[in-house]
Chemist: 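Take this structure, written in structure tokens, and hold onto it; I'll ask about it next.
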Amino acid sequence: MPPRSHSAWLRTLGQLALILVGAAVLGLAIGYPWPVITFAALGVVAWHYWRLRNVLLRLTARQRLKPPLGDGIWNELDRLLHRSQSEMRARKKRLIEMLRAYRAAAAAMPDAIVVVERNSQRIQWFNHSANSLLQLRYPRDIGAPLAQRLQPLQLSHWLASGRNAETLEIASPWNPAVTLSLRLIPYSDDLWMLVARDVSRLLQLEQMRRDFVANVSHELRTPLTVVHGYLDMLDPEEHPDWAPMLAEMQRQSQRMTQLVEDLLMLSRLESQDSLPAEETVAMAPMIATLRREANALSQGRHEVIVEDTAGVDLWGSNKELHSAFSNLVSNAVRYTPAGGTIRVRFRREDKGAVLEVIDSGYGIPAAHLPRITERFYRVSTSRSRESGGTGLGLSIVKHVLNLHQARLEITSEVGRGSTFSCHFGADRVRPRDEFALSEALP
């Protein structure tokens, strides 16, 4: 207990003792001690009840009343209540100011923000940008069901996903030139936040970049074909002094051709939202082809091991999957020193399947793994150029797997090698075609 409160408590007890002693002396003087003490005690109790009533009035009053002066315990209680009320009012004022600042910041954001009650999915609040992007109006739409107010967007199933709802990109029904990116963020147990952003400009810039890359790559084909033609006409035996230069020119022109082809393929993959045609991809012939390609590229410098224990085929594009798997195998051969091991393993995983390409090569430092699938990203520039890589292989693999609703996982340890795993879900697995299996067997 604080010293001031302790002192007030002792002072009140002292006053009570003096009243009772005085009542006893008065009672003895008139010959009726106990009745006088009883009346004095009842008076003390009545006075305390009266002070308690005053405390209740102070608690229920909506006015700022100053505490009465005095040194007793009730005065100390009034003072403490007044201090607590003042602190609470100051805290409430700060919270209100913070809330106003947050609302002002949310209202000024260019993205539409809508606060939705979780269970009923009714709108609780929205900012000014929601007026233009989502056509919400205040106060008409406050308390209205969100799916009903955004009826043209057909969001009922998406909202039902709750925490599992993925970012949704959809054309605005109110402005066909606008593409909206919708994101649902659960930020409390009872409230969700819908964030709608206009991504039209970003999509336009991305499309311009894709068109630029595709057009430039396409235009480079013709001059490269001409260069190839003239280089093929030059015989190194007729010009022995030019032989090293001609060989280097052939190598670099072939690398440039491969780079153009990869750019065109990557541009085509990025422009697709789904696979144009899907079929059952026979994995036994696919894996046999990968083994032949690995042996041809390795030329006996590596040990190539193939394991196929999945017993299933995949559903998708045979051409695209072969391109992705072939990129992984060629990378494993290129970045594994002579005498190393290349392992291609296709196995079941839960209800799906996974194809793994495992090498015993140089390995990839952990700092590079998050960016390894970016186009033209190289862990070692000199080593990549020496091996003939274009820097686009893993980016192509990532886009092919995305089109197949699959994912790429990379684990690596410097000096011990890397593992590239292509994980396919149950919807991409099909029973194995026995005829294709017999055709693949040597």
Side-chain angles (χ1 to χ4, degrees), residues 205-272 289-290 292-299 301 317 319-338 357 359 361-362 364 368 371-401 403 408 420:
L205 292 175
E206 181 66 16
Q207 187 61 43
M208 291 173 59
R209 181 192 62 78
R210 292 175 183 173
D211 293 342
F212 173 78
V213 172
N215 293 334
V216 170
S217 302
H218 183 74
E219 293 298 327
L220 285 176
R221 274 182 163 180
T222 300
L224 282 174
T225 302
V226 174
V227 171
H228 274 306
Y230 282 114
L231 288 176
D232 291 338
M233 294 174 59
L234 296 176
D235 189 357
E237 295 181 358
E238 297 180 359
H239 307 280
D241 296 339
W242 295 1
M245 293 184 295
L246 291 175
E248 180 64 21
M249 292 171 67
Q250 285 278 8
R251 184 164 58 252
Q252 294 298 331
S253 64
Q254 291 174 358
R255 181 169 176 268
M256 187 65 180
T257 301
Q258 184 61 47
L259 177 61
V260 170
E261 295 297 330
D262 286 351
L263 279 172
L264 286 173
M265 182 176 184
L266 185 58
S267 178
R268 177 175 58 82
L269 291 172
E270 289 179 337
S271 63
Q272 295 178 356
T289 301
L290 295 176
R292 290 193 297 268
E293 292 177 351
N295 287 325
L297 188 60
S298 173
Q299 297 182 350
R301 293 179 292 115
S317 170
K319 179 181 178 182
E320 310 294 3
L321 288 178
H322 174 260
S323 175
F325 298 155
S326 180
N327 268 302
L328 293 179
V329 171
S330 62
N331 282 347
V333 174
R334 287 192 182 100
Y335 299 113
T336 300
V357 178
D359 64 66
Y362 305 108
I364 305 171
H368 295 278
R371 301 187 58 192
I372 196 66
T373 57
E374 295 180 9
R375 69 189 70 193
F376 298 115
Y377 186 84
R378 301 177 185 273
V379 177
S380 174
T381 304
S382 58
R383 186 180 297 165
S384 298
R385 289 176 177 172
E386 291 173 1
S387 64
T390 62
L392 296 173
L394 290 181
S395 184
I396 291 175
V397 172
K398 183 185 71 173
H399 281 84
V400 170
L401 293 181
L403 290 175
L408 176 65
F420 294 80

Chemist: I'd like to check the side chain to side chain donor-acceptor pair (under 3.5 Å) partners of Ser395; sequence neighbours left out, ordered by chain and number.
Modeler: none

Chemist: Search all heavy atoms of Asp241 against all heavy atoms of Pro244 and return the closest pair with its distance.
Modeler: O-CD, 3.8 Å

Chemist: For Thr289, what residues pass the side chain to side chain donor-acceptor pair (under 3.5 Å) criterion, not counting sequence neighbours?
Modeler: Arg292

Chemist: How far apart are the closest heavy atoms of Ala324 and Val400, and which atoms are they?
Modeler: CB-CG1, 3.9 Å

Chemist: Sequence neighbours excluded, which residues qualify as side chain to side chain donor-acceptor pair (under 3.5 Å) partners of Ser317?
Modeler: none

Chemist: What are the two closest non-hydrogen atoms of Val333 and Ala294, and how far apart are they?
Modeler: CG2-O, 4.2 Å

Chemist: Treating Ser323 as the side-chain partner and Lys319 as the backbone partner, does any N or O pair qualify as donor plus acceptor under 3.5 Å?
Modeler: no

Chemist: Could you work out, with side-chain contact (heavy atoms from CB on, under 4.5 Å) as the rule, every residue matching Thr373, not counting sequence neighbours?
Modeler: Leu394, Lys398, Leu408, Ile410

Chemist: Mind checking the CZ-OG spacing from Arg301 to Ser298? Nearest 0.5 Å is all I need.
Modeler: 5.0 Å

Chemist: Give, for atom CG of Asn331 and atom CD1 of Ile372, the distance between the pair rounded to the nearest 0.5 Å.
Modeler: 9.0 Å

Chemist: With sequence neighbours excluded, what pairs up with Met245 under the side-chain contact (heavy atoms from CB on, under 4.5 Å) test?
Modeler: Trp242

Chemist: Just by distance, with hydrogens left out, do Glu293 and Ser330 show a side-chain donor and acceptor under 3.5 Å apart?
Modeler: no

Chemist: Minimum heavy-atom separation for Gly393 to Asn327, with atom names?
Modeler: CA-OD1, 3.6 Å

Chemist: So, using side-chain contact (heavy atoms from CB on, under 4.5 Å) as the criterion, who are the partners of Glu374 when residues are at least two apart?
Modeler: Arg371, Tyr377

Chemist: Please name the pair of heavy atoms, one in Pro337 and one in Gly361, separated by the smallest distance, quoted to 0.1 Å.
Modeler: CD-CA, 3.8 Å

Chemist: Write down the atom of Leu290, the atom of Phe325, and the distance for their closest heavy-atom approach.
Modeler: CD1-CB, 3.7 Å

